[in-house]
Amino acid sequence: MDLVRSDGGSLLWKTMACVSAMTLASVMLLPGAASAQEREEGGDGRLLRAGNGPGPAANGPGPGCNIIPPPASIGTKVDISQFPPPDSLTNPDLAGPVQLLKSGKFDIPIEQLTTINVLAGNPRGTITLPLYKGAVNTPSGLKPAWYIILDAGDQAEAERLGVNFSKKLHNAGDAARTATRRNDGTFLFDSGLVDFRPNREVVAGSQEKPFPPSVAQPGSVGDEDYSPLVLVDGIIYDAPVVAAAVDDAFINFPNGNPNYGLVHDQVVAIDPAKRTVTLSLINGYSFGKPVFYISTESSDPTVSAIEGNTFAPRLRRIETGVDDISRSAVERIFIATNGETKGGCQNPQRQGLGAALLDGHRPNNTFGGIPTTATDYSPVWDANVYEWTEEAIEKGYRGLLTEEFRILKLARDGYITGPGGAPYGSFGPVIVCGVAARLN
């Protein structure tokens with residue numbers, strides 16, 4: 001669904017402060033800042049500006065920003081050492097933590113989550129993945145193409161690479177760009193470049209109504225040909241570009257503090273010699289289970305500014321609002337605009353874009369099906385944005401929602417709507433996020 005009308009207006013205008021084409025064109029000329037995160041606080045405490053880089057860690061400072069489960073022994077008379085290993089270690093469909101991206105290495109030991117106490121803030125919550133150096137055709141010749149692979153539309157290929165399998169990816173159509181496989185196994189992309197030079201800027205609307213933001217500029221922008229979805233030898237991959245089309249020496253930041261004018265905002269460190277990249281993990285939920293995921297692209301500039309990912313206009317070719325029918329390439333993600341914000345990260349009910357815009361931490365979004373809980377997983381998430389009604393807030397019903405059908409029930413019963421009282425449902429944008437781990 002194309003979010004921009006023929007008259008130049010935006011279907012999100014009434015609810016989201018989209019960046020205009022003219023603004024984007026001027027932003028792309030700005031140099032990228034090298035700092036990982038820049039925040040300025042106003043006198044009223046609201047977040048005035050979020051800068052480049054991944055921002056606060058997935059392992060946050062309080063219950064509203066940290067979804068890592070506690071040791072299973074809490075409330076018992078025995079030490080955790082007497083507990084058996086979680087059932088998920090023998091069958092990932094059962095309860096317990098599961099590493100989904102087997103190609104990656106986590107700084108938090110996922111397989112031990114029910115047996116240890118993870119201290120707030122340390123480790124941070126990152127994953128180190130294989131970094132591929134392919135190539136892309138440009139008008140001036142071949143350029144390097146630095147990418148990762150998070151998902152594949154073929155099960156055998158997904159298992160070979162240690163990534164997620166998504167049967168829905170074959171429905172991506174021309175939202176996927178094309179590539180060929182070189183002799184070394186890397187991709188030669190027919191076209192598509194990402195400009196990482198823009199400075200990401202997000203300004204909350206106000207303390208009382210932080211969403212929509214008054215300023216929202218994404219930190220990286222793909223051209224009209226770019227997509228993280230790539231068709232190679234009949235298989236569609238989720239293969240996001242994470243660094244500029246430059247040679248190794250320019251993106252050599254193995255110890256962190258990368259130049260965000262050259263790399264994706266979720267990059268924590270990148271080592272072209274070892275062919276690895278470390279990315280920030282993000283908190284979320286799926287059917288009540290906490291998950292870690294990686295946000296790489298979206299089809300809308302305001303969404304990309306808030307998410308800290310790449311704006312990829314080509315993704316607007318994805319059909320939304322179709323969920324699980326046979327032609328669907330998407331699964332749903334549920335995003336609150338006006339969830340609980342009071343108390344910030346110390347509030348266990350904290351959730352939503354308003355909270356994220358005020359305190360800079362992640363909004364605790366809720367996914368539909370992920371691997372091990374459903375067969376309809378897709379890394380292309382159809383944004384179902386919802387708003388709590390005044391009646392629900394006044395009655396004290398507003399709280400953290402972590403399960404799809406709980407959200408759908410509240411929509412049916414009239415306690416949540418679309419933004420501004422609009423009918424509940426697909427909001428239009430898609431967000432590409434690979435799910436890295438299920439935490440219990």
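It should be emphasised that the depicted structure is a prediction, and the values quoted were computed from it without experimental measurement. Scope of the values below: all heavy atoms of this structure, side chains included, with no hydrogens, waters or symmetry mates.
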Query raised in the report: Centres of the Y377 and F367 rings: under 6.0 Å?
Result: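 When the ring centroids of Y377 and F367 are compared, they turn out to be at least 6.0 Å apart.
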**Report entry** Ring centers of F187, Y237 separated by less than 6.0 Å
**Finding:**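 Under 6.0 Å, so yes.
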Report task. Begin from the C-alpha positions of D154 and K167 and carry the test salt bridge (Lys or Arg N to Asp or Glu O under 4.0 Å) through to its verdict. Result -> CA-CA 7 Å; D154 177 86; K167 66 180 182 181; over 6 Å; no
Verify the distance criterion only: is there a donor paired with an acceptor across the side chains of [X] and [Y] at less than 3.5 Å?
X: S295; Y: E307; value: yes
X: T128; Y: T278; value: yes
X: N52; Y: N199; value: yes

Report task. Dump the intermediate steps for salt bridge (Lys or Arg N to Asp or Glu O under 4.0 Å) on R314 and E224, then the final yes or no. Result -> CA-CA 6 Å; R314 185 168 180 153; E224 62 181 9; over 6 Å; no
Could you grab the distance from atom [atom1] of [X] to atom [atom2] of [Y], nearest 0.5 Å is fine?
X: L113; Y: T115; atom1: CG; atom2: OG1; value: 8.0 Å
X: L353; Y: T341; atom1: CG; atom2: OG1; value: 12.0 Å
X: L161; Y: D151; atom1: CG; atom2: CG; value: 10.5 Å
X: Y132; Y: W146; atom1: OH; atom2: CH2; value: 13.0 Å
X: R438; Y: L100; atom1: CZ; atom2: CG; value: 7.5 Å
X: D248; Y: R275; atom1: CG; atom2: CZ; value: 5.0 Å

Minimum heavy-atom separation for [X] to [Y], with atom names?
X: N309; Y: S304; answer: OD1-OG, 2.7 Å
X: P61; Y: H361; answer: CD-CE1, 3.5 Å
X: S227; Y: L315; answer: OG-CD2, 3.8 Å
X: A436; Y: I127; answer: CB-CD1, 4.3 Å

Query - Lys NZ or Arg CZ of R177 over F189 ring: under 6.0 Å, within 45° - result: yes
Query raised in the report: Yes or no on salt bridge (Lys or Arg N to Asp or Glu O under 4.0 Å) for R332 and D382, after CA distance, side-chain angles and deciding distance?
Result: CA-CA 5 Å; R332 289 194 276 186; D382 181 356; over 6 Å; no
Query raised in the report: Does D225 reach the main-chain N or O of G192 with its side chain, forming a donor-acceptor pair under 3.5 Å?
Result: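 Pair absent, no side-chain N/O of D225 close to backbone of G192.
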Query - Expected output: side-chain Y226 to main-chain V241 donor-acceptor under 3.5 Å - result: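 Judged by distance alone, yes, a pair lies under 3.5 Å.
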Requested in this report: From the options V163, D238, V432, select the one residue that forms a side-chain contact (heavy atoms from CB on, under 4.5 Å) with L150.
Outcome: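 Exactly one candidate clears the test, D238.
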